[in-house]
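First comes the structure, then the notes that go with it.
This chain uses plain numbering: 1 for the first residue, then up along the sequence. Computed from a predicted model, the values in this text were never measured in an experiment. Note that these values count all heavy atoms, side chains included, but never hydrogens, waters or copies made by symmetry.
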Amino acid sequence: MDAPAGTGPIAFVCAMPMELTPLIERLSLSKTVHGDDGFEIHRGVLAEREVVGIVTGMGTEYATVGITRLLDAVAVDHVVVVGITGAVDDDTPIGTLVLPETVVLGSTGDEYQPTPLGHGTHQGKLLTGDVLITGNDMVAEHRESGVVALDMETAATAAVCEARGIPWSVFRAVSDQPADGAIIKESFGLSNLDGTPNHEAIEQFFKDHPERVEQLARLAEGASVAAKAAAEAAVRACSPS
């Protein structure tokens with residue numbers, strides 16, 4: 001499992017700005033604007049090879065549109081999905097790297113196989129869906145079917161890449177556990193679907209739920225730890241050995 005084949009650009013694709021930030025800092029990526037609609041592409045170099053990074057927004061629709069725009073704009077050789085993921089048990093530590101063998105689109109059951117990169121062990125299924133899965137019974141059902149983590153974008157990105165014959169990989173790290181379900185539901189509306197913070201909603205949440213501030217801070221810290229872990233793993237895997 002070597003670094004991506006070819007000499008063309010490697011694309012790092014994230015759903016939220018906080019997932020791309022560690023890559024921007026690690027690789028000194030510079031923001032550029034493509035087209036008249038302000039589509040942002042961050043550009044840089046990794047071991048003398050061009051890399052680009054984008055934020056698609058959250059959910060399968062945003063992921064589909066975002067990766068399509070990137071592939072229309074840049075002739076990339078390999079796409080790498082990077083970001084956070086939800087665990088399906090309360091024992092998996094925050095920051096644990098998830099390297100699935102298969103990614104499943106929950107709405108259709110369609111399966112996609114990532115191209116392994118680096119030296120990690122790939123196992124289990126990553127389930128992609130637009131609905132937050134937080135109920136203990138439903139999480140347990142998915143766990144029993146071989147699902148190791150949950151997200152909202154990877155399968156949609158994979159579908160576009162495979163339709164175009166572009167190899168893709170995924171590096172996600174655990175940011176939360178099923179026990180965090182209640183606060184996750186409450187906090188989901190604190191972000192816009194484009195991945196940016198909803199400042200008005202955040203302000204109102206703090207007014208209405210001052211007792212939840214500590215839990216929300218812990219959730220945010222977990223997301224930060226996971227985003228950094230996923231970014232570091234992706235960079236290592238894409239670097240020549």
Give the intermediate values and the outcome of side-chain contact (heavy atoms from CB on, under 4.5 Å) for residues E50 and D77. CA-CA 10 Å; E50 182 183 1; D77 276 357; over 6 Å; no

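- At most 12 heavy atoms of other shown residues, nucleotides or ligands fall within 6.0 angstrom of atom CZ in R26.
- Between S239 and L46 the shortest heavy-atom distance is OG-CD1, 3.6 Å.
- The main-chain N or O of R212 is never found under 3.5 Å from a side-chain atom of Q215 such that the two would form a donor-acceptor pair.
- Looking only at side-chain heavy atoms (C-beta outward), V79 and L71 come within less than 4.5 Å of each other.
- No path of Ile, Leu, Val, Met, Phe, Trp and Tyr side chains, each step under 4.5 Å between heavy atoms, connects V80 with I67, placing them in separate hydrophobic clusters.
- Atom CZ of R172 and atom CD1 of I84 lie 7.5 Å apart (nearest 0.5 Å).
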Could you go step by step and tell me if H142 and K125 meet the side-chain contact (heavy atoms from CB on, under 4.5 Å) rule? CA-CA 9 Å; H142 287 307; K125 301 175 183 178; over 6 Å; no

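- Linking ILVMFWY residues whenever their side-chain heavy atoms come closer than 4.5 Å, directly or via other members, leaves M18 and V13 in distinct clusters.
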Could you give me the CA-CA distance, side-chain angles and deciding distance for E162 and W168, then say whether side-chain contact (heavy atoms from CB on, under 4.5 Å) is met? CA-CA 8 Å; E162 292 195 5; W168 64 278; 3.0 Å; yes

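- In this structure a side-chain-to-backbone donor-acceptor pair under 3.5 Å is missing from H42 to V52.
- Nearest heavy-atom pair, V33 versus G38, reported as atom, atom and distance to 0.1 Å: CG1-CA, 3.5 Å.
- Judged by distance alone, the side chain of S169 and the main-chain N or O of T115 form a donor-acceptor pair under 3.5 Å.
- In terms of modelled atom types and a separation under 3.5 Å, the side chain of T196 and the main chain of N192 share no donor-acceptor contact.
- Side-chain contact between R49 and I10: present, with at least one pair of heavy atoms (C-beta onward) separated by less than 4.5 Å.
- When all heavy atoms are compared, the tightest approach of A87 to P178 is O-CD, 3.6 Å.
- For the pair R164/T68, a side-chain contact is recorded, criterion being any heavy-atom separation below 4.5 Å from C-beta on.
- Here S191 contributes atom OG and M58 contributes atom CE; the two are 5.0 Å apart, rounded to the nearest 0.5 Å.
- Atom CD of E61 and atom CE of M152 lie 11.5 Å apart (nearest 0.5 Å).
- Under the 4.5 Å side-chain heavy-atom criterion for ILVMFWY residues, a single connected hydrophobic cluster contains both I41 and V76.
- Using a distance-only test at 3.5 Å, with no hydrogens or angles considered, no donor-acceptor pair links the side chain of R43 to the main chain of K31.
- You'll find the side chain of C238 reaches within 4.5 Å of the side chain of L117, heavy atoms only.
- Taking NZ of K207 as the start and CD of E203 as the end, the distance is 4.5 Å to the nearest 0.5 Å.
- In summary, of the residues considered (T96, D89, D90), a side chain to side chain donor-acceptor pair (under 3.5 Å) with T92 occurs for D89 alone.
- Side-chain atoms of D151 never come within 3.5 Å of backbone atoms of L126 as a donor-acceptor pair (strictly under, hydrogens ignored).
- Side-chain atoms of V55 and E19, non-hydrogen and from C-beta on, never get closer than 4.5 Å to each other.
- Hydrophobic clustering of Ile, Leu, Val, Met, Phe, Trp and Tyr side chains at less than 4.5 Å, counting indirect connections, unites V170 with I166.
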Would D37 and R69 count as a side-chain contact (heavy atoms from CB on, under 4.5 Å) here? Give the steps. CA-CA 11 Å; D37 57 357; R69 294 179 72 185; 2.3 Å; yes

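- In this structure, the separation between OG1 on T85 and CG on D176 is 8.0 Å, given to the nearest 0.5 Å.
- By the 6.0 Å contact criterion, CD on E48 is open, its count of non-hydrogen atoms from other residues, nucleotides or ligands being 12 or less.
- Y112 and A155 make their closest contact through CE1-O, 3.8 Å (heavy atoms, listed as atom of the first residue, atom of the second, distance).
- A63 and A156 get closest at one heavy-atom pair: CB-CB, 4.0 Å.
- The side chain to side chain donor-acceptor pair (under 3.5 Å) test with T60 is passed by exactly one of T157, D130, T154: D130.
- Summarising the geometry of E153 relative to G57, their closest heavy-atom pair is CG-O, 3.9 Å, with the distance given to 0.1 Å.
- Atom CG of L27 sits about 6.0 Å away from atom CG of L23, to the nearest 0.5 Å.
- V148 and L97 are members of different hydrophobic clusters when ILVMFWY side chains are connected at heavy-atom separations under 4.5 Å.
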